[in-house]
Amino acid sequence: MAKIFKRSLMFLICIITVFISTAVTVPYEEAEARSIYDIENELNAYKSELAKLQAELSEISGNISSLEGQSGQTTALLAQYQAEIEALQIEIDINKAIQESYDLKRAQVATEIAIIQEDYDYRVSMYKKLMQFIYENSEVNSFELLFSSDSIADYLTKRDHFEDIMNAANALIKGLEVSLADLEALNAELEETQSKYDQYLTDLNRAMLEKDQKIKEFETIAEELNLNSDQLREQYGSKNTKINEIKAKIKKLEEERLKILESSADFRWPVKTSSYRVTSQYGWRNDPFGKPTTEYHKGIDIACAKGTPIVAVKDGVVTRASTNYGYGECVIIYHGNGISSLYAHIDNTGRSGRPTYEVKVGDYVKAGQVIAYVGTTGRSTGDHLHFGVIDTNTSTSLAGNYVNPNKYLPDGYYTKKS
């Protein structure tokens with residue numbers, strides 16, 4: 001009987017052990033990477049909570065007027081201080097928002113300058129080539145042109161060709177004047193934007209200092225006049241502590257958002273298809289239009305079918321979604337830290353009801369989000385995506401602010417060229 005009891009007891013202990021181990025053991029699942037949208041949603045929730053707490057703090061301050069034994073003068077003075085503190089907080093919030101918008105605008109204007117500078121440099125190089133040709137053939141008169149021709153038709157063709165070259169040179173000069181005017185206007189806009197950014201920063205620091213000073217004066221008056229200071233400190237301090245905790249969480253989330261935007265790693269592949277071919281890489285290449293010259297290619301060309309979805313390679317803000325002379329329809333996305341990605345030769349035929357752009361300037365986009373579709377607009381020889389990376393912190397004589405996309409794109413999609 002004793003042996004049976006012991007065996008039953010051991011069996012029961014084993015069952016309990018297994019049950020406990022299975023009940024408390026939870027398989028570990030790796031947390032999914034947070035996107036900028038997750039952070040934005042959490043930021044909005046905390047900001048709403050912060051606004052609620054600040055309203056409660058304002059209500060507590062307003063209740064000061066109902067404390068017994070206080071003169072009208074003291075109540076009015078405290079109410080005035082509270083109103084000034086709240087007004088300064090509103091000024092701080094406004095200046096922060098405007099400062100952030102001007103920071104984004106600075107990046108957008110800097111990117112526009114890089115694009116127009118590229119167009120200007122291209123026109124200058126073409127103009128130099130035309131001037132060289134005109135100089136080398138300037139001594140040829142009509143009689144020499146006539147006698148060197150096989151026929152009257154040949155003479156007329158040569159004469160018209162020479163006139164076309166002269167017309168092209170004049171057209172390039174006009175284009176250079178427009179590009180130069182655009183560059184001067186954008187540089188002036190960038191200087192004005194920087195000046196306004198600095199002014200808002202100055203105003204922000206002043207308002208923060210004034211607010212801190214007002215709070216100290218407010219608390220000093222409440223203590224000196226003995227307006228039930230213990231109760232006032234307890235209520236005000238409790239809410240203020242919660243407000244500071246929320247502000248700390250908001251600051252941490254904003255730092256996390258900035259880290260995501262400023263990260264230069266983990267770009268996605270920019271086309272949503274497995275049927276593609278990289279036809280041209282970053283660096284020197286032969287002229288794609290068959291001319292016996294070479295040019296410095298400022299990105300990589302990915303050939304694929306017209307209408308193939310183009311996706312954002314990383315979270316960011318759209319700073320351009322419009323036509324550019326050489327690139328045709330193009331999109332530029334700013335990812336922070338001076339880094340932008342460029343998507344060119346976008347389709348604008350509207351096939352199957354597709355729009356030219358799926359995004360607009362100012363949109364926050366997520367990595368992998370469709371922004372447009374592959375086409376052949378601009379200076380292009382066929383359907384493909386020209387993908388480039390712009391770094392406004394970097395500049396070279398060959399590529400300007402463009403850098404090698406292979407530094408950012410993921411491995412395994414094609415054989416890279418360093």
Side-chain angles (χ1 to χ4, degrees), residues 111 115 118 122 264-291 294-316 318-335 339-360 363 365-390 399 402-418:
T111 302
I115 293 290
E118 178 191 10
Y122 173 77
S264 62
D266 299 330
F267 272 34
R268 293 194 178 191
W269 188 244
V271 290
K272 198 173 183 180
T273 179
S274 58
S275 300
Y276 64 85
R277 184 165 57 93
V278 176
T279 56
S280 184
Q281 301 195 49
Y282 179 89
W284 288 108
R285 68 173 182 178
N286 293 327
D287 185 272
F289 293 89
K291 297 179 182 179
T294 59
E295 64 177 13
Y296 201 84
H297 193 223
K298 299 176 182 179
I300 65 169
D301 289 342
I302 306 168
C304 49
K306 180 187 289 290
T308 298
I310 302 169
V311 300
V313 294
K314 193 171 184 62
D315 294 357
V318 177
T319 58
R320 185 185 183 114
S322 60
T323 304
N324 174 266
Y325 171 72
Y327 288 137
E329 307 290 348
C330 72
V331 170
I332 297 176
I333 300 173
Y334 179 63
H335 305 292
I339 302 295
S340 299
S341 56
L342 176 143
Y343 314 78
H345 308 308
I346 289 168
D347 181 37
N348 64 356
T349 59
R351 283 189 172 186
S352 303
R354 292 192 306 264
T356 300
Y357 303 105
E358 294 287 0
V359 294
K360 64 182 182 299
D363 283 353
V365 294
K366 191 175 181 180
Q369 179 179 336
V370 175
I371 58 173
Y373 303 91
V374 171
T376 183
T377 54
R379 188 171 178 264
S380 170
T381 58
D383 294 322
H384 74 285
L385 169 67
H386 171 92
F387 176 73
V389 176
I390 303 168
Y402 288 87
V403 294
N404 194 336
N406 293 333
K407 175 182 175 184
Y408 302 90
L409 289 172
D411 292 328
Y413 282 86
Y414 76 104
T415 303
K416 294 183 178 182
K417 179 182 178 184
S418 61

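All values reported here derive from a predicted model rather than from experimental measurement. We count residues from 1, following the sequence as given.
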**Asked** So do the side chains of Ile310 and Ile346 get within less than 4.5 Å of each other, counting heavy atoms only?
**Response** yes

**Prompt:** Between Lys314 and Ser341, is any pair of side-chain heavy atoms under 4.5 Å apart?
**Reply:** no

**Complete:** CD1 of Ile371 to CG of Asp363, rounded to nearest 0.5 Å, is 11.0 Å

**Fill in**
Tightest non-hydrogen contact, residues Pro270 and Leu409, listed as CD-CD2, 4.1 Å

**Asked** At their closest point, which heavy atom of Val359 faces which heavy atom of Ala321, and how far apart are they?
**Response** O-CB, 4.1 Å

**Fill in**
Between Thr308 and Thr273, the two heavy atoms sitting closest are CG2-CG2, 3.5 Å

**Message:** So, taking the atom named OG in Ser340 and the one named CG in Leu342, what distance separates them when rounded to the nearest 0.5 Å?
**Reply:** 9.0 Å

**Request:** Using a strict 4.0 Å threshold on nitrogen-to-oxygen distance, state whether Lys306 and Asp347 make a salt bridge.
**Result:** yes

**Message:** Can you classify the ring geometry of Phe267 versus Phe387 as parallel (below 30°), tilted (30 to 60°) or perpendicular (above 60°)?
**Reply:** perpendicular

**Asked** Sub-3.5 Å donor-acceptor pair from the side chain of Arg268 to the main-chain atoms of Val271, do we have one?
**Response** no

**Message:** Quick check against the 3.5 Å criterion: does His297 have a side-chain atom that pairs as donor or acceptor with the backbone of Gln281?
**Reply:** yes

**Fill in**
Of all heavy-atom pairs linking Tyr282 and Lys298, the shortest is CD1-C, 3.6 Å

**Prompt:** Are any non-hydrogen side-chain atoms of Cys304 and Leu385 less than 4.5 angstrom apart?
**Reply:** no

**Prompt:** Can you tell me how far the CD1 atom of Ile302 sits from the OG atom of Ser280, to the nearest 0.5 Å?
**Reply:** 11.0 Å

**Message:** Between Asp301 and Arg379 (salt bridge meaning N to carboxylate O under 4.0 Å), is one present in this structure?
**Reply:** no

**Request:** Please confirm whether the backbone N or O of Thr294 pairs with a side-chain atom of Asn286, one donor and one acceptor, at under 3.5 Å?
**Result:** no

**Message:** Counting only heavy atoms not in Arg351 (residues, nucleotides, ligands), do more than 12 fall under 6.0 Å from its CZ?
**Reply:** no

**Reported OG1-to-CZ distance for the pair Thr111 and Arg320, which is rounded to 0.5 angstrom** = 10.0 Å

**Prompt:** Between Tyr327 and Tyr343, does the ring centroid distance fall short of 6.0 Å?
**Reply:** no

**Item:** Worked check of side chain to side chain contact (heavy atoms under 4.5 Å, CB included) between Ile333 and Val365
**Value:** CA-CA 8 Å; Ile333 300 173; Val365 294; 3.9 Å; yes

**Asked** If only atom types and distance count, is the side chain of Tyr402 paired as donor or acceptor with the main-chain N or O of Val389 below 3.5 Å?
**Response** no

**Asked** Taking atom CD of Gln369 and atom CG of Asp315, what is their separation to the nearest 0.5 Å?
**Response** 9.0 Å

**Prompt:** Are any side-chain N or O atoms of Thr377 and backbone N or O atoms of Gly328, one a donor and one an acceptor, separated by less than 3.5 Å?
**Reply:** no

**Side-chain touch Tyr357/Val318, heavy atoms, less than 4.5 angstrom** = no

**Asked** What pairs with Tyr325 under ring pair (Phe, Tyr, Trp, His ring centres under 6.0 Å), at least two apart in sequence or on another chain?
**Response** none

**Message:** Test side-chain hydrogen bond (donor to acceptor under 3.5 Å, both in side chains) on Thr356 and Glu329; report intermediate values, then the result.
**Reply:** CA-CA 8 Å; Thr356 300; Glu329 307 290 348; 5.6 Å; no

**Closest heavy-atom pair and its distance - Cys330, Ala344** = CB-CA, 3.9 Å

**Fill in**
Hits for side chain to side chain donor-acceptor pair (under 3.5 Å) against Tyr276, two or more places apart or cross-chain, chain-then-number order -> none

**Request:** Kindly give the heavy-atom pair with the smallest separation between Ala303 and Thr279, and that separation in Å.
**Result:** CB-CG2, 3.6 Å

**Prompt:** With distance as the sole test, does Ser380 use its side chain to make a donor-acceptor pair with the main-chain N or O of His345 at under 3.5 Å?
**Reply:** no

**Message:** Any carboxylate oxygen within less than 4.0 angstrom of a Lys/Arg side-chain nitrogen, looking at Glu358 and Lys272?
**Reply:** no

